[in-house]
Every structure is written in C-alpha cells, then in structure tokens.
A.B. asks: 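Dropping the structure in here first, questions after.
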Amino acid sequence: MRSATKIFTYKILTRTFVFDAATKFYKNVVTLIKRSKKKSLRGSDKMDTVKIYANIIKENMDSPEKVNKLINLGLTTAYYYVSFFKDRRIPKSLHYLNKYCIKSIKDSLANPQNSAWVNLFAPSEFLIAMDIKPLFIEAYSSFMSGFFIEDYLIDTAESRGMSNTLCSYHKTFIGASELNILKKPKFMMTTSMICDANIPTFKYLSKKHGVPLYIIDIPYKYSKNAVMYVKKQLLEVAEKLGEIFNRKLDIDKLREVVKTENKTRALMREYLNYAGEKRFIPTMTFEMYMLFASHVFIGSKEVLHFYEMLVEDIKRAPERSGKNIFFIHLLPIFEKNFKDYFNFSDKFHIAGSDLNYDFLDEIDENDPFKGIAEKLILNSFNGEINRRVARIKELIEKIKPDGIIQFCHLGCKQSMGGTFIIKNLASELGIPFLYLDGDCVDKRNNQEGQNRTRLEAFLEML
Amino acid sequence: MIGYICKYTPVEIIEAFGEEPVRLESGYKSHERAEALIHSNMCSFAKGVLENIIENNIEEVILTACCDSIKRLYDVLKDKVKFIHLLDLPRKKDPLAIDLFYNEIIEFIEAYQAFKNKNFAEENLLKILESKSFNKEKQSAESIAILGARLKDDVIEKIRNSCTAKVINFTCTGEERVFNIEAKDNLLKSYAESLLNLTPCMRMAEDRSKLINKEFKGIIYNTIKFCDFYSYEYAELKSKADLPLLKIETDYNDSNSGQILTRIDAFLESTGIKKMEKQKAKKGYFVGVDSGSTSTNVVIIDENKNIISYSIIPTGPKALESAFKAFEIALKNAGLQEKDITSIVATGYGRVSIPFADRIVTEITCHGKGAFFIDNTVRTVIDIGGQDSKVIRLDDSGNVIDFVMNDKCSAGTGRFLEVMARTLGISIEEMAKVHKEVKENITITSMCTVFAESEVISLIAQNKDQRDIIHALNKAVASKAISLVDRIGRKGKYMMTGGVAKNQGVVYAIESRLGEKLIIPFEPQIIGALGAALISLEGK
C-alpha cells in the first residue's frame, strides 16, 4: 500500500515537472519561431525540435547560467521522454541503461560540489565507494553533440588556441568549460593511459578553474614494479579524495564495489556467449551507452542490475537474421550513413565493440588497490598493440562477425595508428574489414557522400 | 648506429656500448611508403621518421613510450627492423618512478647486449657522463625562448644567427645533455634519475610554468600538425599575454619555409633583438627592392630621404630577373648608375634570392617603416598584395609592435580579385571602379577563391547585375581584411598599401566597415620598397 502511494506521488510530481519543463520549452520554441519569421524563413521549416533547442542555447551563450539551465532542461526532457514514451523495439535492460546514463550526467551536473571530472578510464571505484558523482568528459561531449551544439563549443576551444586536430571529445568539453557552462567540480582525476589528450586537457582545466587534480600515471608495460607504482598513486588518490570531500574511504565499501564489479564482469562474459547469435543491440547509441556500464560506473549496484537484466534479455532475443558487424573502438552515433544502415536494422546487426571489453578478468578483492592497479595496467588498449589485437581476436572468435568496421575518429592517434595491424588480423581470420575516417562528435568532419559509397560497397560485399 | 627520437632516450648507454646514437629526423615531402604502413592522419613527424627508417634502411631503433604516435610507430616497425626496443617512460619522477625507469634501462642493456653480443661496461658510461658534467654557465642578460613541439636544428640555427639575444631551445631538440651524477654506488639508477629530471616535456605530469622566465625578450611557440600536446600551453600563454609571443604551426618538414622564416624574422625585428650591422652616417643614394609575389618594386632615395625614382614591374616566373630589371629601370629614371648606390636592402618573398642586396629585411618591418614615413599618424597598416595580406600595428614612434598575416591561401588578396575579374569577363581596372549604389545587396558566403568562383558563376547564371556582384566581391575582401584587423584590435589612423589599395571599391568597402577614412599613399605599391630604402639609409 505504502509503495503504491509512493509511486502515485512520484508520478504526480514527475508529471507536474514534465509539464512545467515542456511549457518552458514550448514557450522558447514559439519565441524562436516568431523571431526567425521576422528575420527570414530560410531553413526554419526543416528545423526539428532539437535544432531549435540548439539555436536557443547558442543564442544564449553569453549567459552561462541560462545555458546551464537549458542543458539541464534538455537532459530532464530526454529523461522523461524515455521514461514515458517507451520504444517497444528496445529491450528492457537497454531502456534501463538509457535512463541511467542520462540520470548520471544530470546528477553530476546538478551537484558540482559532490562531483569529480574524470576520463573514461579513470578508476571511479573510489568515487562510487565514497558516493561522489563522476562526470566523464567523453560522455558530456557526446551529449552536447546530441544537442547539436558541439560546433559552437569546438569553435570556442579552437579560438582560445586549441589545435584543430585535437580530439573533438576533448575540444567540446574544453569549449563548454571556457564558456563557463560547466560549473566547476570539487576534484579532477585522470589516468595517463591510452589517450595522450588526457593529461594536458585535465591539467589545463585544473589550472583554469583552480580545482585540484590527481594524475594517475599508468605504465605501458606490466611488471611488479609497475603495479607498485600505480598502487601507491591509488593510495594517494584515496587520501586526496578524503581530504577534499571531507569523508574517509571505507575500505570495506571499496571491497564491496570491487566484488560487485567482479560479479558484473562475470555477467559481461556470459553476455558475450550470446552476442554472436542474437539480434540484440538496436542502435549504435546503446553500444556507446554501454561504456557507462563497462567503465565509469562499473562497481555500482545499478550497473550490476543492468547486466543481470541484459543477460536475461539477450537470452530471450530473436536469433539474428542479417549480417553481424563488429566495431573497433568507437561507433559514429551521429553519422547519417551509419544511422541509416545500423539503427533498427534487420539486415545489419551491431555485434559489439572491443572498447566495451578492454578488461575481462577478476580484480583482487583482498587488496583492491593492487587489484585496480593491475586492472588499469592490463587494459587491452594499454601497452603494445599486440595486447589489443589478442583481445580483438578472442572477441571475434566468440562473436564470429561477418564484417569488422573501424571508424577512425579524427585526432585519435592511438586507435588509427593500429588500423593496418588490425586489418591484417582480419584478413588472417578471413573477415572483411573496412576503415572509414570521420568524427564521432564534430559532425562537420564527416564526409557523408564519400563514406556512403565506401560503407555501401562494403556491406554489399558481405 | 642506432636511431632514436626522444630526448629521454638513454643515449649515453648507447655511447658506452661504443655505438653511435643518431637522432632520427623527418625530412621528407612525401610519406608514400609510410602511409602504406600507418594511417595518413597520424602526426606528420612520426610518418616522416617512418619514411626515413624505410628509405635509409635503418636497422636499429630505440623508442620511448612518449606519445600515442610513437607507440604505434613502434608497433608498425616491430617486425621490420633488426633491432627495436621500446622503453616505458614514467610521467612522474618519485622514487618508484625512478625504479621503474631504472629497470627499463637495465632491460634495454640486456636486450642490446644479446643482440650485439657485446658486453656493457659501467666504467665507459661513467667516463661519458663525466665528460658531460654540469658547468654553471653565466646567465645571458637577454634571451629568447623557443617552446612547444620539436623544432628542426636548421631553423634553430637560423634563429641563432639572426638575433642578438641568447636562444634557449626548450623543445625536444634542444636538450643539452649535461649530467651531475654524484651517487656512484648505483650509477645506472642515478643516471635514470637524472634523465627523468630533464626539462619536462608536455607529456610529463610536472607543471611547466616554471620554464617561463619573465625576463625573456619573447617566446617563439612551435606547434606541429596532428601533435596536439602543445596547443594547450600555447592557449595558456596566449591568455596571459605578458610576453611577446609568436606561434608558428608547421607539419615539421616545412618549418624552414619562407613564410615561417618571415614570421620569425619579423618577430625578432619587432622585439628589437634582430641582428643588424651598425652603419656610419652615409652619403649617396639608397635603394629598396621589394620582390613580391606579383610585382617587384624598387625605390631610390637620397641621403635626405627624398624619393628620387621608383619602378613597378610584374614579378613573373623569375624573381631574380625581375629584380634586376626593376633596379635598372629605377636607376635609369633617376639618371644614376650602379656605382652611385651606397647600399641596397631587399624585402618581400623573393628577398633571399637577390644577390646584389647588402641586407635583407622582412616586408613587415619595411611596410611599417614606409607607411610611418609617409604619414606619422598611422597606427595600423593594412597591406593587401597579390598573394598575401597583412595588418601591421605601429607604436607612436613607428615601430612594429604586432602583426597578423593571412594563412596559406589566397582568400581576400589581389589574386582573389583577379580570378573573379576573369570569371566576370572584365578587366581588373573595370573591377576597381566604385559603385556606391547597389540594386541588391548580395553577400558572397565563401571566402575560398575556388568556391567563391563557383558562387559568382551561379550569380551570373541567375542574371544578377554585374555591379552588384562586384560590390559583393569587394565586401568579401573587406571582410577578410577587417577580420585580420580585429585580430590585433582596431586603432586609427589606418593606411592601406599594396596593389589592392588601388581598387576604389575595396577601399570604400573597408572604409565603411571601419567607419573611418583610409590613408592611401600616392603609390601604394612601393611602400615596402620605400621602407627598405629608408632602412638602407638609416642602417636599422
């Protein structure tokens, strides 16, 4: 009875909030249309809601407080949209993940005082154990691209001196921070591994905002000394977090997080047993959303729950009917050709990305500091490319895809530098391989016409 | 010989083996073979090194895990050279990091011993390190710093030769390998420690702001395409702006190109550390030769700064011949002979290839000089020539204190107008007429000469009035010029020089954007040559 009342109250409250938000948004849209009618009507008929929303944001860029609110409104709208308009084609687990991702971004943006900026590979086990909300910069930038304002943010970063060949995930975030749209967090933490941009981006942001930063240097090679080196740094991070957030890390809590993480990975491995046979991931966005679960939020109860649901869902999913495509590294969720061919397609299925499976082993629960240190050093994207190639091979042998695509995100040298080596692996295994150049965030860098011909020819080939 | 790239490489260990360490360079215009092995969007330096290794059949290579490009370079080279070793390089320098690096060095020694079948002797290393021991040198009063991504030795050398201040090269090519190793009980460990204590590069965790000395006369900041590390530090320095700062961006191989050297020279001139010979008070006639990309101009003045004669001829394909010809014409007009000339200063793109010049000075300094001479109220010079455009800021004494130049393309220059005149089927003179009344206010959206041309073609197809199209083109050139002006900030009065200043339409369009009249000299094309002649007379 009590829970029924709770649900009822919750529904009423959320509906009121949605109504409120929707009214605000509607008013903004109407003003914008009125204004654009005054100027000229060019292109306004083609504008969809998101673009109108993007224009409202762009017009308000000189008042960061307003933009911050608008972004929050956008996230809230997205959250309630997916809550109330469930797409039947999307499995329950992924629907849960969708909401969880939006909520996690919202939570960290809403509570900057209890939040830390991190990168995708940062060991956020400590944050989860201490109830600190992480905001990982790659995710924020992806959302901004989803809101169609990445161009403005990137141009801002470049006008401040950032290189135009720098990764757009980083430029978008730097742009948002330059414009003060992002409220500064209490702490920043990054690892040095895998991506060169991490250290300079975080150093730049930390200096600019005067926010303490901890850089965790991850050696390229695995050795006992390397583990000791990282473990010592992790101990320092924990201490620093305690000082800054004024709470102590409970080692039992950390152990609990690592235990949950290990359970989650066991489910991940189980999921992989079905990934080759079933038709499951409906859109590219979900494979990318999985990065929240396989990286920054792994160790949380919610992520464990997600993987439990995921394994159940995939068991019940229909057998695959078309061709399976395995992705190397990132999926271009905003690229039109890819959207046309892969989202909700019967013909071509998304079979996974090696980035979601860059670590599949167990972490030492008795010494979580040492265990996490090992996890970081042994990541398949860290170290010689042979390590990554071995992981891709393992995944391919399990999933048995019909084709492999590497979308070379502009500026990501660690990934594109290995393209030809991965291509060799694919040809050894007798699987067609395609690499295309483009940008996962800055849509202006995608040569749609050129890519279409190549992608179509490749898919015809399968 | 064993090739290496990174300054943190244990070069002295290689020497102790009796082998020759060679810093690998990248100096190839084409990366054909490299791009067959590695993605073309990788950093151009890494591709160049790969090309070098294949081209010269380099058999032994030692790399560090310094950046993503070099890590992948190692992966690509792994089965292609006889010996290759990758050293992990910590980003911190605490005792555990030193241990880690020390072990890496030992691993390298073991691998190389096995490969060469040669033993490593610590005594040799000690001798080498002692020969490179630390000497406290006197701090030179004036110095200029080179920061950012690695800059080629020849460019550094050119900077050294052309400036009076001490040049401190903080880039990876500049490390002076001096050591002060005390703890001899574990020589290798002390050596590892001292390597980690070299000037930190951007990949290191350490803060680099201590490198910046307020006493520097200026900073030349080098960035390489696809090497993104350094743009962060540049952005930081730029926002502080308390030291003269020049950014150059190259793809590493073209770092000694004319355009880059012009910028560096002009920067040295504007910071007052350009090497200049002192001259006595002179008598006779003084010549300035401006060898531009479109026209070559010569001015002759006498010792009282009176303009005796000048000449303007098209440069054509051979810059040197045109320079001779323009010089001859000017002499003839003045009724002088070559022996009457006391000294000659050359400027412009072709300035380096003029053998009869006594000195060369960049066109930026010359334009500033010439413009200020004509009218000393000028604070901003807008020079739009055939192939490039620049805006120069002068102080109250006529010194150049800032400047901006257009990028590599011809957008908004004389060439742009020439191409458009051809597209419209009219002469450049016709194009230059001013049409104040327009029927329709058209805007050309594309600044690129090639795209703008197709835009003009479609406007012609739409039967638009030719005068309106010309008006739109003039507006486009003006808007490019205004964006350059805005990059250094607006400050009157303005003088416009260069061939495009003869185009009334453009002048009018710029004036209406600035909201101020432009000063147009009687012959806008000779201002650079005039400045050169004045410098030739004054000797500075």
Side-chain angles (χ1 to χ4, degrees), chain A residues 157-167 170-171 174 178 192 194-197 199-201 203-205 207-208 213-221 223-226 228-233 383-386 388-389 406 408-421 435 437, chain B residues 35-43 46 64-76 78 86-92 94-97 99-104 107 202-209 221 223-239 247 249:
Chain A
E158 286 179 6
S159 76
R160 305 290 159 100
M162 290 300 148
S163 157
N164 57 358
T165 52
L166 175 66
C167 163
H170 286 256
K171 271 189 296 193
I174 291 171
E178 291 282 354
S192 65
I194 300 166
C195 159
D196 272 348
I199 291 187
T201 294
K203 259 162 94 174
Y204 182 82
L205 294 172
K207 253 192 179 176
K208 189 180 145 52
L213 160 71
Y214 195 93
I215 294 172
I216 308 166
D217 184 22
I218 310 296
Y220 199 56
K221 298 179 189 170
S223 67
K224 263 189 184 166
N225 279 324
M228 264 163 60
Y229 177 51
V230 178
K231 181 180 166 178
K232 184 185 159 250
Q233 297 179 70
E384 278 185 37
I385 196 125
N386 287 348
R388 190 169 166 209
V389 168
Q406 180 171 10
C408 296
H409 172 67
L410 197 73
C412 186
K413 285 166 289 242
Q414 63 86 13
S415 188
M416 72 172 87
T419 304
F420 297 170
I421 296 170
Y435 77 90
D437 296 333
Chain B
E35 285 181 7
L37 296 169
I38 203 159
H39 196 292
S40 54
N41 284 353
M42 293 296 277
C43 119
T64 59
C66 61
C67 72
D68 289 341
S69 293
I70 301 304
K71 285 173 189 167
R72 294 291 92 91
L73 178 66
Y74 167 80
D75 292 325
V76 166
K78 208 173 170 195
L86 182 84
L87 279 146
D88 198 355
L89 179 63
R91 288 171 182 80
K92 297 187 175 179
D94 60 36
L96 286 177
D99 273 351
L100 204 67
F101 195 50
Y102 163 62
N103 281 326
E104 283 294 308
E107 246 181 54
M202 268 303 274
R203 78 176 282 287
M204 298 311 230
E206 206 177 333
D207 185 28
R208 274 165 53 100
S209 50
Y221 208 94
T223 57
I224 300 181
K225 275 213 172 70
F226 292 110
C227 173
D228 309 316
F229 274 130
Y230 288 94
S231 67
Y232 296 90
E233 192 173 65
Y234 170 71
E236 234 173 74
L237 287 172
K238 191 179 143 215
S239 69
K247 182 193 176 191
E249 187 186 86

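In what follows, every chain begins at residue 1, and chains take the letters A, B, ... in the order their sequences are listed. Every value quoted in this text rests on a predicted model; they were computed, and no experiment measured them.
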A.B. asks: Given side chains that start at C-beta, do those of A/Y229 and B/D94 come closer than 4.5 Å, heavy atoms only?
C.D. replies: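 Result yes, sub-4.5 Å side-chain heavy-atom pair found.
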A.B. asks: What part of A/F420 gets within 4.5 angstrom of chain B, counting heavy atoms only: side chain, backbone, both, or neither?
C.D. replies: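 Only the side chain of A/F420 comes within 4.5 Å of chain B.
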A.B. asks: Answer yes if the side chains of A/S223 and A/N225 hold a donor-acceptor pair under 3.5 Å, and no otherwise.
C.D. replies: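 Checked: A/S223/A/N225 side chains show no N/O donor-acceptor pair below 3.5 Å.
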A.B. asks: Select one option (side chain, backbone, both, neither) describing which atoms of B/A36 are under 4.5 Å from chain A's heavy atoms.
C.D. replies: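 Contact with chain A is through the backbone of B/A36 alone.
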A.B. asks: Any sub-3.5 Å donor-acceptor pair from A/K413's side-chain atoms to B/C43's backbone N or O?
C.D. replies: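 Flag not set: sc A/K413 to bb B/C43 has no pair under 3.5 Å.
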A.B. asks: Is B/Y230 close to chain A through its backbone or its side chain, or both, or neither, when contacts mean heavy atoms under 4.5 Å?
C.D. replies: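 Nothing of B/Y230, per the 4.5 Å heavy-atom cut-off to chain A.
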A.B. asks: At a heavy-atom separation under 4.5 Å, does B/R203 approach chain A through its side chain, its backbone, both, or neither?
C.D. replies: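 Just its backbone gets close to chain A.
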A.B. asks: With a 4.5 angstrom heavy-atom cut-off, could you sort out which part of B/A205 is near chain A: side chain, backbone, both or neither?
C.D. replies: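 For B/A205, backbone and side chain are both near chain A.
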A.B. asks: Is it the backbone or the side chain of A/S192 that comes under 4.5 Å from a heavy atom of chain B, or both, or neither?
C.D. replies: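 For A/S192, backbone and side chain are both near chain B.
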A.B. asks: Less than 4.5 Å to any heavy atom of chain B: does that hold for the side chain of A/T201, its backbone, both, or neither?
C.D. replies: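 Contact with chain B involves both backbone and side-chain atoms of A/T201.
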A.B. asks: Mind running side chain to side chain contact (heavy atoms under 4.5 Å, CB included) on A/Q414 and A/D196 for me, showing each step along the way?
C.D. replies: CA-CA 8 Å; A/Q414 63 86 13; A/D196 272 348; over 6 Å; no
A.B. asks: Which bit of B/E104 is near chain A, if near means a heavy-atom gap under 4.5 Å: side chain, backbone, both or neither?
C.D. replies: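 Looking at B/E104, just its side chain touches chain A.
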A.B. asks: If I measure from the heavy atoms of chain A, does B/L86 come under 4.5 Å with its side chain, its backbone, both, or neither?
C.D. replies: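 Both backbone and side chain.
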A.B. asks: Measure distances from A/K208 to the heavy atoms of chain B and classify the residue's part below 4.5 Å as side chain, backbone, both or neither.
C.D. replies: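 Answer is neither: A/K208 stays 4.5 Å or more from chain B.
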A.B. asks: Any side-chain heavy atom of B/K71 sitting closer than 4.5 Å to one from A/Y220?
C.D. replies: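 Heavy-atom side-chain distance check passes, below 4.5 Å.
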A.B. asks: Is A/I199 close to chain B through its backbone or its side chain, or both, or neither, when contacts mean heavy atoms under 4.5 Å?
C.D. replies: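 Just the side chain, heavy atoms under 4.5 Å.
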A.B. asks: Mind ranking A/K221, A/R160, A/H170 by heavy-atom pairs under 4.5 Å with chain B and telling me who comes out on top?
C.D. replies: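 The residue among A/K221, A/R160, A/H170 with the greatest pair count is A/K221.
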A.B. asks: If you count heavy-atom pairs under 4.5 Å with chain B, which of A/P219, A/G418, A/G383 comes out on top?
C.D. replies: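 Looking at each of A/P219, A/G418, A/G383 in turn, A/P219 comes out on top.
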A.B. asks: Which one wins on heavy-atom pair count under 4.5 Å against chain B: A/G417, A/S415, A/C167?
C.D. replies: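 The option with the most such pairs is A/G417.
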A.B. asks: I'd like to know whether B/L73 forms a side chain to side chain contact (heavy atoms under 4.5 Å, CB included) with B/M42, so could you lay out the CA-CA distance, the side-chain angles of the two residues, the decisive distance to 0.1 Å, and finally the verdict.
C.D. replies: CA-CA 10 Å; B/L73 178 66; B/M42 293 296 277; over 6 Å; no
A.B. asks: Heavy-atom distance under 4.5 Å between the side chains of A/K207 and B/D207, does that happen here?
C.D. replies: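 The answer is yes; the side chains approach within 4.5 Å.
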A.B. asks: Tell me, for A/I174 versus chain B, whether the close heavy atoms (under 4.5 Å) come from the side chain, the backbone, both or neither.
C.D. replies: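 Side chain of A/I174 only, per the 4.5 Å heavy-atom cut-off to chain B.
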A.B. asks: Answer yes when B/R91 and A/D217 have at least one side-chain N-carboxylate O distance shorter than 4.0 Å, and no when they do not.
C.D. replies: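 Answer for the salt bridge query: yes.
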A.B. asks: Heavy-atom distances under 4.5 Å only: say whether A/I194 touches chain B with side chain, backbone, both or neither.
C.D. replies: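 Backbone only.
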A.B. asks: What part of B/Y234 is in contact with chain A, defined as an atom under 4.5 angstrom from a non-hydrogen atom: side chain, backbone, both or neither?
C.D. replies: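 Side chain only.
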A.B. asks: Which atoms of B/N41 are under 4.5 Å from chain A, going by heavy atoms: the side chain, the backbone, both sets, or neither?
C.D. replies: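 Both backbone and side chain.
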A.B. asks: Which bit of A/A197 is near chain B, if near means a heavy-atom gap under 4.5 Å: side chain, backbone, both or neither?
C.D. replies: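 Contact with chain B is through both the backbone and side chain of A/A197.
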A.B. asks: For side chain to side chain contact (heavy atoms under 4.5 Å, CB included), just list the numbers for A/K203 and B/Y232, CA-CA rounded to whole Å, side-chain angles, deciding distance to a tenth of an Å, and then say yes or no.
C.D. replies: CA-CA 9 Å; A/K203 259 162 94 174; B/Y232 296 90; over 6 Å; no
A.B. asks: For the pair B/R72 and B/D75, find out whether any cationic side-chain nitrogen is under 4.0 Å from an anionic carboxylate oxygen.
C.D. replies: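 Here B/R72 pairs with B/D75 in a salt bridge, since their nearest N and O are under 4.0 Å apart.
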A.B. asks: Is any side-chain heavy atom of B/K238 less than 4.5 Å from a side-chain heavy atom of B/K247?
C.D. replies: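 Heavy-atom side-chain distance check fails, nothing below 4.5 Å.
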A.B. asks: For A/S163, does its backbone N or O pair with a side-chain atom of B/S231 as donor and acceptor, under 3.5 Å?
C.D. replies: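 It does hold such a pair.
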A.B. asks: Please look at A/I385 and chain B and tell me whether the side chain, the backbone, both or neither of the residue comes under 4.5 angstrom of a heavy atom of that chain.
C.D. replies: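 Its backbone and side chain both get close to chain B.
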A.B. asks: Applying side chain to side chain contact (heavy atoms under 4.5 Å, CB included), run through A/M416 and A/Y435 and close with a yes or a no.
C.D. replies: CA-CA 9 Å; A/M416 72 172 87; A/Y435 77 90; over 6 Å; no
A.B. asks: Between A/C408 and chain B, with a heavy-atom cut-off of 4.5 Å, which part of the residue counts as in contact: side chain, backbone, both or neither?
C.D. replies: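 The answer is the side chain of A/C408.
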